[in-house]
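Let me begin by presenting the structure, written as structure tokens, before commenting on it.
Lettering of chains follows the sequences in order, A, B, ..., and the numbering in each one begins at 1.
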Amino acid sequence: MRKFDFMGIEKKIAAAVASIIENESGQVIPADRIVLQKTRKDFEGDLTLVVFPFVKMLRRSPEHCADMIGKALAEKIEEVAAHNVVKGFLNLSLEKYVWLDFLWKNANNERFGLQNPAADDDLKPVVVEFSSPNTNKPLHLGHIRNNLLGFSVARILEAAGNKVVSVNLVNDRGIHICKSMLAWMKFGQGETPQSAGKKGDKLVGDYYVKFESALRKQVASIMEEKGVSEDEARKSAPLMMEAQNLLRRWEERDPEVVKVWETMNAWVYEGFDQTYERMGISFDKIYYESDTYLLGRDIVLDGLKKEKLLKKEDGSVWADLAEHKLDEKLLLRADGTSVYMTQDIGTARLRYEDFCPERMIYVVGNEQNYHFDVLKKVLIKLEEPYADAIHHLSYGMVELPDGRMKSREGTVVDADDLMSDMFETARKTTEELGKTADFNESEKKDLYHKIAMGALKYFMLKVDPKKNMLFNPDESIDFNGNTGPFIQYTYARIASILRKAGEDRLKLSELKLDASRMNAKEIALLKNLSGFGAVVAEAAAACSPAQIANYVYELCKEFNQFYHEYSVLNEPDRAVSDYRLQLAKLTSTTIKNSMALLGIDVPEKM
RNA sequence: GGCUCCGUAGCUUAAUUGAAUAGAGCAUCUGACUACGGAUCAGAAGGUUCCAGGUUUGAGUCCUGGCGGAGUCACCA
């Protein structure tokens with residue numbers, strides 16, 4: 001069903017169809033009404049033309065139209081070998097040599113399906129922001145989805161010919177950061193990651209939890225003593241006042257506070273770095289909110305001066321978005337301080353000045369849909385030149401079987417723990433299968449890591465980003481069926497064949513094969529391979545790694561069927577054997593390249 | 001309550017701007033190892049695509065109205 005464009009044949013046929021219909025009916029049809037798709041498996045053919053859109057102008061039955069167009073195409077285009085008609089569908093079979101040519105032209109291209117990085121210095125980049133963690137808590141399952149998505153989308157956009165800059169905007173300041181600082185200052189007794197034997201982000205997270213539980217106790221007793229609501233009790237609780245005081249002191253650059261802040265954040269970064277490295281994630285640039293939180297104020301004040309915004313009696317500044325059917329949105333408080341939106345206005349401008357991007361993609365959960373809607377509209381209102389470049393890549397929540405992760409209920413799935421669990425499962429499964437008898441310790445570790453991350457990444461990326469997804473921690477992620485390890489296994493099996501064949505045989509200078517000897521399975525596989533470039537383009541347009549994942553899964557299934565039915569190296573006819581070897585090679589390249597777009601490594605043996 | 005998104009086999013999911021008999025995996029059952037690697041392959045069973053209307057030659061997809069779920073509607077970030 002997927003569209004595929006193979007050496008321009010699709011275009012050639014579409015153009016021919018247009019001229020045939022014009023000749024017959026005298027009417028010109030728009031190109032987008034010519035629907036060519038991959039022929040479904042249960043029908044004979046390679047490409048299918050849907051003729052329903054033309055039956056009215058041709059004034060004949062769908063079958064007649066299809067037959068007429070089919071005959072004309074067979075005459076006009078030499079690559080069209082045969083055609084058949086089912087209802088209103090015209091199935092075209094291409095000459096087999098078309099597929100052989102395709103294989104021969106691409107077999108040695110290691111970057112098959114990937115566009116080369118644009119050398120053009122004037123090309124405007126796409127900025128992809130993702131991850132954007134808070135420095136008061138360790139990373140969890142939700143962050144994993146965000147990181148994997150962002151990293152993969154960046155790779156896919158590159159493969160589609162874009163220049164890409166990956167950025168991370170770290171939320172390293174604010175009241176929530178002060179909470180963990182305060183708890184550490186009060187209860188920590190100088191504890192450090194070293195003394196506690198913990199990763200820094202975990203230690204800081206523990207103090208955040210300590211703050212919350214101490215606060216809850218205070219709130220409970222205040223509510224009992226004064227009979228006030230929980231909200232009110234929270235606001236008046238001494239710990240809350242202290243935290244706010246700490247934030248004030250931080251903003252005033254109180255040296256003592258800044259020192260604690262720097263120390264604790266450094267611990268967190270050390271922890272994050274380990275987690276990122278394990279995940280295989282990196283960035284071109286890291287922004288810190290402590291540097292950017294004051295940005296945006298000037299833009300807002302300027303907008304006020306130009307009367308694009310309005311000031312209320314108390315001095316607060318608002319954007320009226322009634323023209324976009326949205327409410328008024330606060331941009332500056334009465335005391336002149338900023339809100340989150342103000343800061344995002346500032347960082348958008350900063351990013352624009354830093355990179356002059358063609359597009360700015362924000363990988364952020366769908367809980368912030370409204371926020372980004374408003375951000376874009378405020379920027380339009382302010383007539384910022386980059387307003388239209390803003391693109392929110394909104395993804396669904398990761399849910400547990402009993403609903404959302406809740407830190408209060410201790411149901412948060414920690415990123416490090418999850419990766420360790422996956423590693424353990426990979427180790428156990430692999431050892432049970434007895435696959436690593438001849439591996440040394442570091443090779444084993446490397447392999448288990450690849451499999452573990454392959455399973456986890458594929459699991460999370462194969463689902464359409466915009467959909468919520470379910471993660472059941474009790475059922476560990478599968479290694480069979482539609483999974484990362486299945487694809488890795490397919491790759492490893494081909495790698496084994498290629499090793500056995502040897503480099504000399506792989507470097508073939510000539511392919512001597514009569515195309516008539518190609519079988520249906522091989523052609524199905526070649527057809528699949530030929531669609532890779534188009535899939536990359538579609539995945540880039542949709543910012544959807546899931547499309548790559550689904551593609552490479554299909555490809556592996558196709559190859560495994562071929563592999564089961566036919567032999568590559570044991571095939572007695574050398575010409576056929578050589579040809580199948582090239583087919584296997586191009587398949588392995590395509591698997592490797594696809595998986596790289598998902599941020600997944602493939603092992604040569606497993 | 002307003003707005004936004006989602007609802008497909010028991011479970012997890014696929015289906016380019018509308019297109020043929022809704023496609024997979026897991027789980028269940030049955031087969032295939034004297035092997036280019038069985039983490040594989042073949043087969044069986046499993047569906048009123050939440051419901052009701054509508055548009056269309058054609059609807060899982062578009063429109064309207066319900067039902068169910070999630071998110072959001074902060075001088076939080």
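- Using a 4.0 Å heavy-atom distance criterion, A/Asp464 is classed as a sugar-phosphate-only contact.
- Residue-level contact check: A/Met469 touches the backbone only, with heavy atoms under 4.0 Å from sugar-phosphate atoms and none from bases.
- If you find the closest nucleotide of RNA chain B to A/Phe459 and to A/His371, the one lying nearer the 5' end belongs to A/Phe459.
- Taking 4.0 Å as the cut-off between side-chain N and carboxylate O, A/Glu251 and A/Arg248 do not count as a salt-bridged pair.
- Atom-to-atom, NE2 of A/His392 to C1' of B/U4 comes out at 12 Å; the value is rounded to the nearest Å.
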Notebook entry, point to check: Going through the distances and angles, do A/Asp446 and A/Phe439 end up as a side chain to side chain contact (heavy atoms under 4.5 Å, CB included)?
Noted result: CA-CA 10 Å; A/Asp446 188 53; A/Phe439 280 52; over 6 Å; no
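- When the side-chain nitrogen and oxygen atoms of A/Arg40 are compared with OP1 and OP2 of B/A22, none of them lie within a distance under 4.0 Å.
- Taking the side chain of A/Phe479 as heavy atoms from C-beta on, and the options B/U21, B/A39, B/A14, the nearest nucleotide is B/A39.
- With rounding to whole Å, A/Asn482 atom CG is found 12 Å from B/U13 atom P.
- When both pairing distances are held under 3.5 Å, B/G46 makes no Watson-Crick or G-U pair with any nucleotide shown.
- Residue A/Gln561 places at least one side-chain N or O closer than 4.0 Å to OP1 or OP2 of B/A42.
- Checking the phosphate oxygens (OP1, OP2) of B/U12, no side-chain nitrogen or oxygen of A/Lys462 falls inside 4.0 Å.
- In this structure, A/Leu461 places its CG atom 14 Å from P of B/U13, rounding to the nearest Å.
- Across the strands present, B/C62 finds its partner in B/G54; the criterion is a Watson-Crick or G-U wobble pair with both atom distances under 3.5 angstrom.
- B/C6 and B/C63: their P atoms are spaced 11 Å apart (whole Å).
- A/Thr337 and A/Asp335 share a donor-acceptor pair across their side chains, judged by distance under 3.5 Å alone.
- In the set B/C41, B/A77, B/U12, the nucleotide with an atom closest to the side chain of A/Val339 is B/A77.
- With rounding to whole Å, A/Leu447 atom CG is found 11 Å from B/A39 atom C1'.
- Aromatic ring pairs are classed by plane angle as parallel below 30°, tilted from 30° to 60° and perpendicular above 60°; the pair A/Tyr362 and A/Phe372 is tilted.
- A salt bridge does not link A/Lys87 to A/Glu63: none of the charged nitrogens lies less than 4.0 Å from a carboxylate oxygen.
- Side-chain atoms of A/Asn369 and base atoms of B/C5 include no donor and acceptor less than 3.5 Å apart.
- Heavy atoms of A/Ala492 sit under 4.0 angstrom from at least one base atom.
- The side chain of A/His564 approaches B/C41 more closely than any other nucleotide in the set B/A39, B/C41, B/A20.
- Nucleic acid contact for A/Pro53: base, since at least one base atom lies under 4.0 Å from a heavy atom of the residue.
- An OP1 or OP2 oxygen of B/A14 is reached within less than 4.0 angstrom by a side-chain nitrogen or oxygen of A/Lys467.
- In this structure, A/Asp335 atom CG and B/C75 atom C1' are separated by 8 Å, rounded to whole Å.
- For A/Leu569, the side-chain atoms get nearest to B/C36 when compared with the rest of B/C75, B/A19, B/C36.
- The shortest distance between the side-chain N/O atoms of A/Lys41 and the OP1/OP2 oxygens of B/A20 is not below 4.0 Å.
- Both the sub-6.0 Å distance and the 45° axial angle are satisfied by A/Lys312 relative to the ring of A/Trp318.
- Taking only side-chain nitrogens and oxygens, A/Tyr489 comes nearer than 4.0 Å to OP1 or OP2 of B/A39.
- The side chain of A/Tyr553 sits closest to B/G25 out of B/C75, B/G38, B/G25.
- Pair assignment for B/G38: none, as no Watson-Crick or G-U wobble contacts are both less than 3.5 Å.
- Geometrically, A/Arg145 does not engage A/Tyr395 in a cation-pi contact defined by less than 6.0 Å to the ring centre and at most 45° from the axis.
- In this model, the phosphate group of B/U40 is approached by a side-chain N or O of A/Asn480 to a distance below 4.0 Å at OP1 or OP2.
- Here A/Arg493 reaches the OP1 or OP2 of B/G38: one of its side-chain N or O atoms lies under 4.0 Å away.
- Listed pair A/Lys56 / B/U57 meets the phosphate criterion, a side-chain N or O lying under 4.0 Å from OP1 or OP2.
- Across the P atoms, B/A20 and B/U4 are found 30 Å apart, a figure rounded to whole Å.
- Within 4.0 Å of A/Leu470, counting heavy atoms only, lie sugar-phosphate atoms of the nucleic acid but no base atom.
- Using N1 to N3 plus N6-O4 or O6-N4 for Watson-Crick, or N1-O2 and O6-N3 for G-U wobble, each under 3.5 Å, B/G10 pairs with B/C26.
- Residue side chain A/Gln37 reaches the base of B/U16 through a donor-acceptor N/O pair under 3.5 Å, judged by distance alone.
- For the P atoms, the distance linking B/U34 with B/G60 amounts to 47 Å, nearest Å.
- A salt bridge links A/Asp578 and A/Arg574; the closest N-O separation between the charged side-chain nitrogens and carboxylate oxygens is under 4.0 Å.
- Checking B/C73, B/A70, B/A19 against every side-chain atom of A/Tyr370, the shortest atom distance belongs to B/C73.
- The 5' end of RNA chain B is approached more closely, in terms of each residue's nearest nucleotide, by A/Val463 than by the other of A/Val463 and A/Glu565.
- In this entry the distance linking CG of A/Asn136 with P of B/C76 reads 17 Å, nearest Å.
- Using a 4.0 Å heavy-atom cutoff across all strands shown, A/Leu326 reaches no nucleic acid atom at all.
- Across all strands shown, A/Asp172 has no heavy atoms under 4.0 Å from either base or sugar-phosphate atoms.
- Residue contacts for A/Gln368: at a heavy-atom cut-off of 4.0 Å it reaches a base atom on one of the strands shown.
- With a 3.5 Å ceiling on both atom-pair distances, the Watson-Crick or G-U wobble partner of B/G2 is B/U72.
- Donor-acceptor pairing under 3.5 Å is lacking for the side chains of A/Asn136 and A/Ser180.
- With hydrogens and angles ignored, a donor-acceptor pair under 3.5 angstrom links the side chain of A/Thr430 to the base of B/A39.
- Counting non-hydrogen atoms under 4.0 angstrom, A/Tyr566 reaches a base of the nucleic acid.
- Listed nucleotides B/U57, B/G37, B/A20 differ in distance to A/Phe52; the shortest reach to its side chain belongs to B/U57.
- Below the 3.5 angstrom threshold, one finds a donor paired with an acceptor across the side chain of A/Thr48 and the base of B/A20.
- Taking a centre distance below 5.5 Å and an interplanar angle below 30 degrees as the stacking criterion, A/Phe89 stacks against the six-membered base ring of B/A20.
- Under 4.0 angstrom from either OP1 or OP2 of B/G37 there lies at least one side-chain N or O belonging to A/Ser496.
- The distance from atom OG1 of A/Thr342 to atom OH of A/Tyr340, rounded to the nearest 0.5 Å, is 11.5 Å.
- Nearest to the side-chain atoms of A/Phe486 among the listed nucleotides B/C75, B/C41, B/A20 stands B/C41.
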